[in-house]
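Take a look at the structure below.
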There are 2 protein chains.
Amino acid sequence: MQNRNTAATGSDRGGAPLPGDGLEAVLVAELGDALVTRSADIDPRYFTAYNEPAGARPHALVRPRSIDDVSRTLALCTRFGQPVVPQGGLTGLARGAVALGGEVVLSMERFAGIEALDAAAGTMTVRAGTPLQTVQEAAEAAGFTFGVDLGARGSCQIGGMLATNAGGTRAIRYGMMREQVLGLEAVLADGTVVSSMNRMLKNNAGYDLKQLFIGSEGTLGVVTRAVLRLHPLLAAPATALCRVRDYDAVVALWNRVRMLPEVVSFEAMWPAFYDYVARHTPGVSAPFVGDDGFAVLIECATSAPGGDAHQALETGLAAGFDAGLVEDAVLATSERQARDLWTLREGLAIDALPHLVNFDVSLPTGELGAFAERCEAALRARWPDVMCLFFGHVGDGNVHIGVSLAGMTDADLDALDHCVYAVVREMGGSVSAEHGIGVLKRAYLAHTRSDAEIGLMRRLKAALDPLGILNPGKVL
Amino acid sequence: MQNRNTAATGSDRGGAPLPGDGLEAVLVAELGDALVTRSADIDPRYFTAYNEPAGARPHALVRPRSIDDVSRTLALCTRFGQPVVPQGGLTGLARGAVALGGEVVLSMERFAGIEALDAAAGTMTVRAGTPLQTVQEAAEAAGFTFGVDLGARGSCQIGGMLATNAGGTRAIRYGMMREQVLGLEAVLADGTVVSSMNRMLKNNAGYDLKQLFIGSEGTLGVVTRAVLRLHPLLAAPATALCRVRDYDAVVALWNRVRMLPEVVSFEAMWPAFYDYVARHTPGVSAPFVGDDGFAVLIECATSAPGGDAHQALETGLAAGFDAGLVEDAVLATSERQARDLWTLREGLAIDALPHLVNFDVSLPTGELGAFAERCEAALRARWPDVMCLFFGHVGDGNVHIGVSLAGMTDADLDALDHCVYAVVREMGGSVSAEHGIGVLKRAYLAHTRSDAEIGLMRRLKAALDPLGILNPGKVL
């Protein structure tokens, strides 16, 4: 992926002066050698975002083993006005977990593992550093499904997923990370541990504090643990890829398919995206090659004893055929075939395109077709040879855009952002559906949020982190 | 219902001195006669909580017709440090919407109506004063279901339901009010209008501000409008009442029934509750009278074309019979019969019991049986003749308790609260599942929330409402 300008924003930090070169020594003295890695010894993976060149080397790396370690680290950083970047699996796409210059990185990777799984209640208590895949596998072993799935499941961590309110491919069925959380524990900038480890589905006793920390990208507190809700185990899914003429037909098909309680995913690939991945995904024999239509991936699954996801999917497809919406369809007859269809949709093949830039935006499902047309027209007006590949979770109004332009300059890169986000603003959409704001979209927050909203965000930030030490230069 | 001690807490207000008798004149001069009702002219319904004697007469009643009216009213009250009680349909059960003495009441009843219904997106834009039933009927007319239903549907208002994060009988399927909201608009204490009228299912652009106002009972801002999400229309439901031996069997049955994607409600009545309502509900011929078991009401419904909720319900019941969990069952064969089963569960008959006190608490579903036993034992140890009636939405861990005691004194009343909430605390439950804290549970907030949590709530309150004019004496 193309690198972007990073403004190293020392002035954003606010707060007391840094202790300077003495910082490492202070951290080691207070926290111990076992927790602290000195700047020169930090492995580049702690300052390198996914698919990007290495970023700024942090002042120090702290890897806590306990909640108390997190609390002591933050209390110490508050004492010195020292900026801190909380860090999960570094799979985010908005550069929210990397240092910009001058920060201590607080990696949660050692505070990992499942503390409890309550099968009677259908809940799991996990530590922030636990990878998603570990949670998914433990849930399945106990007869449950975890509600969020995404491509980075092997490396992304629950804490980072909570901090960014991760979405993924099942949001139409189960919602995003926010909807999977019953209880949450976070540590404030001053080291205060706020433990709201609620285990109940319903709890209206006072403010729902966990909401503050979900989706605020580590700027209001550091997530340490969570009580996650689990869903009844889904049996093997049924997966199909459909050929659909145009986006209006995609929406009409969605409005039929969403009536099925079994639907888990409804993902669309615009013609240019599908044509590219169908031709360039090694080892996958794609259906409908050479057609000029949309490809829609539908997955159904059910937890009902004796339930039949294939039957449900066929019902949905039949309704689509009868209404003239589906022109052709392929049902996966093996797990391998289903995997291949998903591989096309995940579209890793497009990562090889020169100077690829990815966008993640949302609008109501019915407006995404017009958005894609306007967006591509605006880009092509300035860069006639631009490649615009639209795809995504259209059932929940979320589209990703891969934009590739031979010989792209830094000026082009900024202009691309301006161009895409201007269309999002005009149409009243969001500049971030599921990836967060981080650094990359910070300049465009006001495209989606009003002055009054941003003012209230700043009020919250000032109330919870008055020195501004938590993830400065991110989101706000 | 038994009245409770109300501490008129003028000292909780904080902020500047009141303008005293001049207040009415100032309000009328600034807002106009059409919006302001003087204290002496206020109809008692504006200061009387559901099922309670009239409370404190407010200083004045303001009934805004626009967002600007709300903003001007709050800005004015901030100028004079004048406490304000936001008010919806006054159907709450924690006394969160009534004045304690010295407040202006801000009733949202005139700012009502549906502004938009987007059938393509499945969303509805509504004003705070809109009754739930209006929303439900508009949703159904457009081919959708609204996710929350509760007994007070004809009088409760969307704004109040949002402020209290109302729950109801469908939370196991659709969640509480929080889960129905895509966008929200609220007015802060100083009159700032924070409009976050997001229409997208996924929007991770900055902090999710709406969460602050949902469930905070009007203490952080006044909800004016919301964008609600709608669900596919459910066809006519299938309803059954089952006779189940004991609570362990109720839980085992729930763990089977929850696998059905069609389940909408799973409600249990403990033996004493069921025995009472079966004998005392006029016009309803109850099944299983004289048995000494639990009664479980299960409702299934589906939006799937050709889907069969009766088939699903029968599958669930058959699994329950086969496992020896269900001893007898009655399937409603008409809408009237289904309504009768719900009438039993709603239990209005117990309102006639002398000195009835209602509780609303939650624990994980599997622990509610032990809770009921411990709670009843604790009450009976002190009051041997007490009547304890347990019932509720056990699929989501929420139980209500009707406690009746002949000749109950005010001292008994306080001791009852102590007794019940002590058991909740010991078992790690919540003192409010869905009714909120209001005034009635304020003294028990710390039974469920830690000092650090309450400290953070106070920090938020101070950040958003520094003078403390919004609903003082409630929640915190």
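Letters A, B, ... are given to chains in the order of the sequence lines, protein chains preceding strands, and every chain is numbered from 1.
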Looking at [options], which makes the most heavy-atom pairs under 4.5 Å with chain A?
options	answer
B:Pro364, B:Gly122, B:Gly455	B:Pro364
B:Gly397, B:Gly395, B:Ala304, B:Gly167	B:Ala304
B:Glu217, B:His435, B:Glu367	B:Glu367
B:Leu233, B:Leu445, B:Leu220, B:Leu188	B:Leu220
B:Ser430, B:Ala462, B:Gly306, B:Ala252	B:Ser430
B:Ala121, B:Gly366, B:Ala463	B:Ala463

Quick check on [X] against chain A: is it the side chain, the backbone, both or neither that has a heavy atom closer than 4.5 Å?
X	value
B:Ser216	both
B:Thr365	neither
B:Val475	side chain
B:Thr164	backbone
B:Ile437	both

Legend entry - Toward chain B: residues of residues 194-207 of chain A with heavy atoms under 4.5 Å: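 A:Val194, A:Ser195, A:Ser196, A:Arg199, A:Met200, A:Leu201, A:Lys202, A:Asn203, A:Asn204, A:Ala205, A:Gly206, A:Tyr207, listed by number.
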Part of [X] within contact of chain B (heavy atom distance under 4.5 Å):
X	answer
A:Leu464	both
A:His231	neither
A:Ser362	both

Heavy-atom pairs under 4.5 Å with chain B, option from [options] with the top count:
options	answer
A:Leu234, A:Val193, A:Ile214, A:Asn398	A:Asn398
A:Pro261, A:Ala433, A:Ala452	A:Ala433
A:Thr192, A:Asp208, A:Ile454	A:Asp208
A:Asn165, A:Leu260, A:Thr315, A:Val361	A:Asn165
A:Thr123, A:Leu363, A:Thr302, A:Asp360	A:Leu363
A:Thr448, A:Asp451, A:Leu209, A:Leu460	A:Leu209

Inset, instruction - Could you please state which residues from residues 171-184 of chain B sit under 4.5 angstrom from chain A, measuring non-hydrogen atom to non-hydrogen atom, sorted by number, or 'none'? - result: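 Against chain A, the residues of residues 171-184 of chain B that fall inside the cut-off (heavy atoms, under 4.5 Å) are B:Ala171, B:Met176, B:Arg178.
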Inset, instruction - For residues A:Pro305 and B:Met259, report the shortest heavy-atom separation together with the two atoms involved. - result: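 Scanning both residues completely, I find the closest heavy atoms to be CD-CB, 4.0 Å.
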Legend entry - Shortest non-hydrogen contact from A:Asn255 toward B:Ala120: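 Distance-wise, the nearest heavy atoms are OD1-O, 4.0 Å.
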Legend entry - Check against salt bridge (charged side-chain N to carboxylate O under 4.0 Å, His left out), A:Arg459 and B:Asp190: CA-CA 13 Å; A:Arg459 240 201 251 202; B:Asp190 62 10; 3.2 Å; yes
